A.B. asks: 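This structure is in structure tokens; I'll ask about it shortly.
Given the structure is predicted, the values throughout are model-derived calculations rather than measurements. Each residue takes its place number in the sequence, starting with 1.
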Amino acid sequence: MAKMEIVVGGMSCEMCQSAVQEVLSDVEGVTEAAVDLEGGRATVVFDEGVTNLDALRAAVEDAGFDVE
């Protein structure tokens, strides 16, 4: 398992926080996703054999947010 912190731009409210957490949690191979609205960061624990940063980035960007 790998643990990665991702900087997420464009979150302005708790709904945004929930949306980012949900899309990250839905990525196959992700076992844990926690989003810090104030810090603009998401911490993700995932199986490197199943997913990678590109897939996580795509999920966040598809939801309308930026990965910095």
Side-chain angles (χ1 to χ4, degrees):
M1 290 291 171
K3 184 175 184 177
M4 181 174 292
E5 188 172 90
I6 302 169
V7 178
V8 180
M11 294 189 299
S12 60
C13 64
E14 290 180 10
M15 294 283 288
C16 297
Q17 177 184 11
S18 294
V20 172
Q21 187 164 327
E22 185 175 328
V23 297
L24 286 170
S25 295
D26 287 347
V27 173
E28 185 177 355
V30 171
T31 58
E32 183 180 336
V35 180
D36 174 17
L37 176 61
E38 287 185 24
R41 299 182 183 280
T43 304
V44 186
V45 178
F46 61 97
D47 182 341
E48 293 173 293
V50 178
T51 193
N52 56 38
L53 176 59
D54 290 337
L56 301 174
R57 177 189 312 271
V60 173
E61 290 176 347
D62 286 350
F65 301 94
D66 299 317
V67 175
E68 300 171 12

A.B. asks: CE/Met15 to CG/Leu37 distance, rounded to the nearest 0.5 angstrom?
C.D. replies: 12.5 Å
A.B. asks: Donor-acceptor pair, distance only, cut-off 3.5 Å: does the side chain of Asp54 make one with the backbone of Arg57?
C.D. replies: no
A.B. asks: Kindly work out whether a path of hydrophobic side-chain contacts (I/L/V/M/F/W/Y, heavy atoms less than 4.5 Å apart) joins Phe65 to Met4.
C.D. replies: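 Per the 4.5 Å side-chain linkage, Phe65 and Met4 are co-clustered.
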A.B. asks: Within this structure, what is the CD-CD distance for the pair Glu32 and Gln21, rounded to the nearest 0.5 Å?
C.D. replies: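 These two atoms lie 9.0 Å from each other.
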A.B. asks: Starting from the C-alpha separation in whole Å, work towards a yes-or-no answer on side-chain contact (heavy atoms from CB on, under 4.5 Å) for Val8 and Val60.
C.D. replies: CA-CA 8 Å; Val8 180; Val60 173; 4.0 Å; yes
A.B. asks: State, to 0.1 Å, how close Ala33 and Ser25 come at their nearest heavy-atom pair, and which atoms those are.
C.D. replies: CB-OG, 3.6 Å
A.B. asks: Can you hop from Leu53 to Leu24 via hydrophobic side chains spaced under 4.5 Å?
C.D. replies: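 As far as the 4.5 Å side-chain criterion goes, Leu24 and Leu53 are connected within one cluster.
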A.B. asks: For the CE atom on Met1, are there more than 12 heavy atoms of other groups (residues, nucleotides or ligands in this structure) within a distance under 6.0 Å?
C.D. replies: yes
A.B. asks: Under a 4.5 Å side-chain heavy-atom rule over Ile, Leu, Val, Met, Phe, Trp and Tyr, are Val7 and Val44 clustered together?
C.D. replies: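 In one cluster with Val7: Val44, no.
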A.B. asks: Does a sphere of radius 6.0 Å around CD in Glu28 hold more than 12 heavy atoms from other residues, nucleotides or ligands, not counting ones at 6.0 Å or beyond?
C.D. replies: no
A.B. asks: If you take all heavy atoms of Val20 and Met11, which pair is closest and at what distance?
C.D. replies: CG2-SD, 3.8 Å
A.B. asks: Minimum heavy-atom separation for Val27 and Ala59, please, with both atom names.
C.D. replies: CG2-CB, 3.6 Å
A.B. asks: Pick from Val45, Asp47, Leu56: which one makes a side-chain contact (heavy atoms from CB on, under 4.5 Å) with Val30?
C.D. replies: Leu56
A.B. asks: Look up atom CG in Asp66 and atom CD in Glu61, then write down how far apart they are to the nearest 0.5 Å.
C.D. replies: 7.0 Å
A.B. asks: According to a 4.5 Å side-chain heavy-atom criterion applied to Ile, Leu, Val, Met, Phe, Trp and Tyr, with indirect links allowed, do Val23 and Phe46 form part of one hydrophobic cluster?
C.D. replies: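 No, Val23 does not connect to Phe46 through the hydrophobic network.
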